[in-house]
Amino acid sequence: MDMYQKRKMRKENKNTNIEDNKSIAKTNINWYPGHMAKTKKEITNIISNIDVVINVIDSRVPYSSMIPDLAKITREKQNIIVFNKYDLCDKEETAKWIEKYNKEGYIIVTCDSKNTNDYKKIIEEVSKLMKSINEKRKNKGLLPKKAKCLIVGVPNVGKSTLINKLVGKNIAGVGNKPGVTKNLTTLRINDNMDLVDSPGILWPKFENNMVAYNLASMTIIKEEVITIEEVACHILGMLDKYYKDILKQEFGIEYYNDDEVEECFTKISKKKNIPVNGEVDYERVSLIIINSIKQEKVKNITFDRVKDYE
């Protein structure tokens with residue numbers, strides 16, 4: 001199937017809750033491997049022994065990178081949301097999500113991808129929560145307890161890197177691809193805090209394809225789940241909608257239109273010095289578009305908007 005056929009399919013089969021999004025295919029997108037279902041079950045089994053849940057999300061997709069089922073499992077626990085990769089997001093838009101989650105009772109911590117000390121804010125918040133818990137225990141004549149924290153997050157959200165900072169050495173597997181961690185693992189942070197690491201888990205079923213495409217844009221879903229051409233077109237569409245200056249500066253186009261995909265990809269090819277030779281190399285151009293986010297060349301973006309999910 002060539003790019004024109006894919007574009008035609010996208011136009012004829014729209015399936016999204018976002019009315020003005022023009023480039024999402026009616027694809028039943030699912031990626032929920034066996035280890036994710038297993039992890040959810042294991043979390044359900046151990047949650048009674050957990051004091052604090054640390055939920056790591058991508059600041060560029062604060063809604064899409066949340067795990068809906070997790071709130072049901074952990075609603076009785078103290079919850080910290082870590083807005084990871086905060087230096088890469090559109091802070092004005094992400095601030096609206098911070099406000100929203102704060103009002104819902106979550107404790108918020110922001111962490112920059114390059115700041116080596118941001119992780120300390122997580123330890124500080126856990127210490128505050130445990131102080132309250134241990135005061136209640138003291139009043140009951142019980143000894144203080146060590147904090148047992150569960151850390152969760154979708155794949156490739158930077159959770160393993162964060163854990164290594166918390167532990168102080170390379171314990172958790174790190175890779176710039178989803179699905180590195182496979183089992184629940186307990187790690188010692190300090191004398192007052194243990195951390196239970198979990199494999200990255202996703203939505204068992206995406207409520208709309210916008211979520212799936214936003215996750216794919218941040219390399220949270222494996223590339224083979226959605227075609228790279230479709231992901232690239234989604235990225236261009238979102239940049240056209242919200243960040244036209246980035247679209248022009250990074251890709252050399254004034255706008256993106258799904259009806260003019262060949263023209264847009266041709267202009268990007270010229271901008272990136274890719275020979276056209278009578279036919280656009282859609283795969284190569286698509287990889288360049290995706291890698292511009294993956295390699296953090298395109299920054300200050302937030303694809304999830306609060307107004308779209310109210």
Side-chain angles (χ1 to χ4, degrees), residues 31-59 65-86 106-113 115-127 129-130 145-204 215 218-222:
W31 181 50
Y32 201 65
H35 77 269
M36 292 187 180
K38 176 186 174 185
T39 298
K40 181 181 173 183
K41 183 177 180 180
E42 289 178 345
I43 288 174
T44 302
N45 291 338
I46 69 165
I47 195 65
S48 60
N49 297 320
I50 297 297
D51 299 300
V52 181
V53 176
I54 302 168
N55 192 348
V56 185
I57 66 173
D58 189 317
S59 296
S65 60
M66 283 284 280
I67 307 166
D69 288 356
L70 192 66
K72 300 175 185 177
I73 299 172
T74 66
R75 60 177 173 264
E76 303 298 329
K77 301 298 175 179
Q78 300 282 4
N79 277 265
I80 297 172
I81 296 181
V82 178
F83 277 73
N84 208 26
K85 304 184 181 182
Y86 185 67
Y106 293 99
I107 295 166
I108 306 299
V109 171
T110 59
C111 285
D112 288 357
S113 58
N115 191 322
T116 57
N117 293 314
D118 273 355
Y119 74 93
K120 294 179 181 178
K121 294 187 286 186
I122 301 172
I123 297 176
E124 290 172 3
E125 291 298 338
V126 171
S127 296
L129 292 172
M130 290 308 297
K145 67 175 296 189
K146 190 175 187 178
K148 191 165 188 177
C149 304
L150 172 68
I151 187 165
V152 296
V154 298
N156 206 33
V157 77
K159 181 167 62 72
S160 294
T161 300
L162 196 59
I163 289 171
N164 288 336
K165 291 178 182 179
L166 287 165
V167 175
K169 55 185 175 181
N170 291 331
I171 295 292
V174 177
N176 196 10
K177 60 181 181 179
V180 174
T181 307
K182 295 298 182 185
N183 300 294
L184 288 178
T185 308
T186 301
L187 305 167
R188 179 184 181 277
I189 302 303
N190 54 41
D191 292 339
N192 301 312
M193 179 180 174
D194 283 338
L195 196 67
V196 180
D197 183 22
S198 63
I201 55 178
L202 279 174
W203 306 52
L215 291 175
M218 306 303 159
T219 327
I220 291 171
I221 292 178
K222 287 182 177 180

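These values consider heavy atoms only, across backbone and side chains, with no hydrogens, waters or symmetry-generated copies. Computed from a predicted model, the values in this text were never measured in an experiment.
Panel note: side chain Ser59, backbone Phe83; a donor-acceptor pair is recorded below 3.5 Å. Between the side chain of Asn84 and the backbone N or O of Val157, at least one donor-acceptor pair lies under 3.5 Å. With hydrogens and angles ignored, the 3.5 Å screen pairs a side-chain donor or acceptor of Ser65 with a backbone N or O of Asp58. Of the possible polar contacts, none joining the Thr185 side chain to the Ser198 backbone as a donor-acceptor pair under 3.5 Å is found. Side chain of Thr186 to backbone of Val196: no donor-acceptor contact under 3.5 angstrom is found.
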Between Ile189 and Val126, is a side-chain contact (heavy atoms from CB on, under 4.5 Å) present by the stated rule, with each step listed? CA-CA 12 Å; Ile189 302 303; Val126 171; over 6 Å; no
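Shown here are the salt bridge (Lys or Arg N to Asp or Glu O under 4.0 Å) partners of Lys145, two or more places apart in sequence or in another chain: Asp51. Here Lys77 pairs with nothing under the salt bridge (Lys or Arg N to Asp or Glu O under 4.0 Å) rule; sequence neighbours left out. Residues that satisfy the salt bridge (Lys or Arg N to Asp or Glu O under 4.0 Å) test with Lys120, not counting sequence neighbours, are absent from this structure.
Taken to the nearest 0.5 Å, the CD1 atom of Ile122 stands 10.0 Å off from the OG1 atom of Thr110. In this structure, Ile43 CD1 and Leu70 CG are separated by 6.0 Å, a value rounded to the nearest 0.5 Å. Expressed to the nearest 0.5 Å, how far CG of Asp197 lies from SG of Cys149 amounts to 12.5 Å. The distance from the CG atom of Asp112 to the NZ atom of Lys85 is 12.5 Å, given to the nearest 0.5 Å. Remark: Ile47 CD1 to Arg75 CZ distance equals 11.0 Å, nearest 0.5 Å. Distance check, rounded to the nearest 0.5 Å: CG of Leu150 to CG of Asn49 gives 11.5 Å.
Across all non-hydrogen atoms, the minimal contact from Ile123 to Met193 is CG1-SD, 4.3 Å. Taking all atoms of both residues into account, the shortest heavy-atom contact from Lys146 to Asn190 is CE-O, 3.2 Å. The shortest non-hydrogen separation linking Ala71 to Tyr106 is CB-OH, 3.9 Å. Heavy-atom minimum distance, Met130 versus Ala147: CG-CB, 3.3 Å.
Inter-residue side-chain proximity for Asn156 and Met218 is flagged as unmet; no heavy-atom pair is nearer than 4.5 Å. With contacts defined as side-chain heavy-atom distances shorter than 4.5 Å, the pair Val82/Ile80 qualifies. Side-chain atoms of Gln78 and Glu125, non-hydrogen and from C-beta on, never get closer than 4.5 Å to each other.
The pair Asp118-Lys165 fails the salt-bridge criterion, with no side-chain N (NZ, NE, NH1 or NH2) lying under 4.0 Å from an Asp/Glu carboxylate O.
When each of Ile151, Asn79, Ile81, Ile107 is tested with Ile54 by the rule side chain to side chain contact (heavy atoms under 4.5 Å, CB included), just one qualifies, namely Ile151.
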